[in-house]
2 protein chains.
Amino acid sequence: MTAAPLGTKTRILDAAEKLFGKNGFEETSLRDITAEAQVNLAAVNYHFQTKESLIDAVILRRLEPLNRKRMEMLDAAGETPSVEQIAEAFLAPLIEVDIPNVAPLVGRVFSNPAQFAVRVFLKELAPVVRRFDQAIAAAVPALTPEERFWRLHFMAGAMTHMLAMWDVLPMMTSLPIHPVDRGAVVRQMVQFVAAGLRAPLVAKPPAELDKERT
Amino acid sequence: MTAAPLGTKTRILDAAEKLFGKNGFEETSLRDITAEAQVNLAAVNYHFQTKESLIDAVILRRLEPLNRKRMEMLDAAGETPSVEQIAEAFLAPLIEVDIPNVAPLVGRVFSNPAQFAVRVFLKELAPVVRRFDQAIAAAVPALTPEERFWRLHFMAGAMTHMLAMWDVLPMMTSLPIHPVDRGAVVRQMVQFVAAGLRAPLVAKPPAELDKERT
DNA sequence: GTCTATAACCGGATAGAC
DNA sequence: GTCTATCCGGTTATAGAC
């Protein structure tokens with residue numbers, strides 16, 4: 001059952017990752033973490049100085065390789081990837097991540113406005129967004145920069161919601177989706193998002209179109 | 001500037017709504033709230049007993065009328081609404097809500113897995129979801145129940161992300177979207193989501209399709 | 001209904017022995 | 001590097017005067 005004994009630092013990171021994802025950053029105390037990791041309370045401050053820098057360490061340990069994978073998948077799709085390939089490169093690495101506890105953690109990171117959105121986004125995510133934005137521009141040249149901005153965030157939102165709600169989704173339906181097949185979700189999502197990215201441009205408010213019809 | 005003097009209870013609700021949306025539930029203390037509301041600390045416990053039941057009161061005060069509006073818009077779209085009408089009824093009332101501070105509050109509610117997702121969702125949101133699911137089934141009969149489930153949550157995720165990220169979105173782009181035109185966002189979102197709802201069904205994993213092409 | 005004062009507790013962080 | 005013990009500020013909640 002127990003693998004090679006992990007170092008204290010790694011045990012803290014693993015425990016924090018699990019509890020942060022499950023209960024949130026602010027609602028998880030260092031005491032919760034050290035209890036879960038079975039290490040001493042003071043070890044956290046010795047290895048990570050403050051709670052905030054522990055949070056950053058927990059996030060960056062996972063986010064960096066995941067974003068690298070996204071870039072690699074997009075690169076592997078060639079010069080002019082289809083919207084399906086773009087969507088899959090953006091979504092699959094995060095949805096299908098096979099490390100336990102990571103999906104809800106990343107979901108929390110991406111749905112917290114002030115806390116990290118700025119501090120993590122600008123530093124770690126901006127290049128990824130720029131790269132995917134360029135790919136979308138090439139795949140759907142009719143889109144204006146504003147339209148690409150919105151659609152890229154619609155795609156990100158659909159993904160974030162899945163990551164964050166992963167564990168509670170089965171409770172929201174009577175359908176037999178326990179446990180969720182992540183490959184199937186990616187395929188559904190790629191299909192949905194690709195159609196959205198290719199959607200005709202907005203001309204008039206839909207409300208006005210409805211009025212004209214009557 | 002100051003309107004008719006509000007009651008203590010209302011001032012607490014307003015202050016809590018603002019701070020919960022801005023900083024989160026757990027990270028907002030009752031002291032923060034009473035300072036913002038300019039009422040005494042003990043007034044919170046007198047009117048709401050505990051912090052948790054204050055949170056519920058803050059949420060339900062806004063969520064109930066918003067969900068009623070969504071239902072009314074869907075009803076107003078007639079017997080068999082188009083996917084555009086379904087999307088607009090689902091999205092517009094929340095995105096275009098004109099009460100200050102409510103958008104980020106609702107965004108936080110919808111992106112918190114455990115905290116309320118179950119306790120609020122099952123009680124307050126389940127009928128709404130059921131109603132929209134039926135409408136989607138009528139508008140796109142080819143979809144299986146599972147596919148409707150996923151696509152409905154993709155739509156919800158795109159919306160939630162917009163609500164939660166509202167105030168920080170301008171920091172994530174160099175485009176001139178300050179302050180965000182919410183009507184325009186709804187139109188963009190309806191277009192995106194409607195295309196996603198109408199997307200062709202998933203047959204094979206996109207990865208396999210890519211392999212076949214080479 | 002509204003206030004002051006305080007109880008009772010929990011949080012992050014650190015000092016200092018080993 | 002790891003432990004125990006502790007500091008200290010902030011938290012919810014309540015008792016009791018007005």
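Chain letters run A, B, ... following the sequence lines, proteins first and then strands; every chain starts at 1. Given the structure is predicted, the values throughout are model-derived calculations rather than measurements.
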Which side-chain N or O atoms in residues 91-101 of chain B pair as donor and acceptor under 3.5 Å with protein atoms at least two apart or in another chain?
none

Query raised in the report: Rounded to the Å, how far apart are K51(A) NZ and dC10(C) C1'?
Result: 12 Å
Requested in this report: Among dA13(C), dT2(D), dA13(D), find the nucleotide with the atom closest to the side chain of L41(B).
Outcome: dA13(D)
Query raised in the report: Given that both pair distances must be under 3.5 Å and the pair must be Watson-Crick or G-U, what runs of three or more consecutive pairs involve DNA chain D?
Result: C:1-10 with D:9-18, C:12-18 with D:1-7
Query raised in the report: Is it true that E27(A) and K22(A) make a salt bridge, defined as a side-chain N closer than 4.0 Å to a carboxylate O?
Result: no
Requested in this report: Give the rounded distance in Å between these two atoms: CG of N40(A) and P of dT14(C).
Outcome: 15 Å
Query - Sorted by number, the residues of residues 28-38 of chain A with heavy-atom contact under 4.0 Å to DNA chain C - result: T28(A), S29(A), L30(A), R31(A)
Query - Nucleic acid contacts of residues 9-21 of chain A, taken as heavy-atom distances under 4.0 Å to DNA chain C - result: none
Query - Between P of dG16(D) and CG of N45(B), the distance in whole Å - result: 16 Å
Query - Contact list for residues 42-70 of chain B, test ring-ring contact (aromatic ring centres under 6.0 Å, His included), sequence neighbours left out - result: none
Requested in this report: Can you sort out the partners of R131(B) under salt bridge (Lys or Arg N to Asp or Glu O under 4.0 Å), two or more places apart, ordered by chain and number?
Outcome: D75(B)
For residues 65-73 of chain A, tabulate all N or O donor-acceptor pairs below 3.5 Å that involve a side-chain atom, not counting sequence neighbours.
unit_1 : atom_1 : unit_2 : atom_2 : d
N67(A) : OD1    : R70(A) : NH1    : 2.9
R70(A) : NE     : F90(A) : O      : 2.9
R70(A) : NH2    : F90(A) : O      : 3.1

Query raised in the report: Which pairs with one or both residues in residues 143-152 of chain B pass salt bridge (charged side-chain N to carboxylate O under 4.0 Å, His left out), sequence neighbours excluded?
Result: D133(B)-R148(B)
Query - Contacts of type side chain to side chain donor-acceptor pair (under 3.5 Å), residue D167(A), not counting sequence neighbours - result: none
Report summary line: So the salt bridge (charged side-chain N to carboxylate O under 4.0 Å, His left out) pairs with at least one residue in residues 31-40 of chain A (sequence neighbours excluded) are K18(A)-E36(A)
Query raised in the report: Can a side chain N or O of T8(A) be found less than 4.0 Å away from OP1 or OP2 on dG1(D)?
Result: no
**Report entry** Interatomic distance, Y46(B) OH vs dA15(D) P [rounded to whole Å]
**Finding:** 15 Å
Query - Counterpart residues, salt bridge (Lys or Arg N to Asp or Glu O under 4.0 Å), relative to R11(B) (two or more places apart) - result: none
Query raised in the report: Ignoring hydrogens and geometry, is there a side-chain-to-backbone donor-acceptor pair from T160(A) to F110(A) under 3.5 Å?
Result: no
Query - Nucleotide nearest A42(A) (side chain, heavy atoms from C-beta), chosen from dT2(D), dA15(D), dT4(D) - result: dT4(D)
Report summary line: Separation of dA13(C) atom C1' from L54(A) atom CG, nearest Å, is 14 Å
Report task. Report the residues that fulfil ring-ring contact (aromatic ring centres under 6.0 Å, His included) with H161(A), sequence neighbours left out, ordered by chain and then residue number. Result -> H153(B)
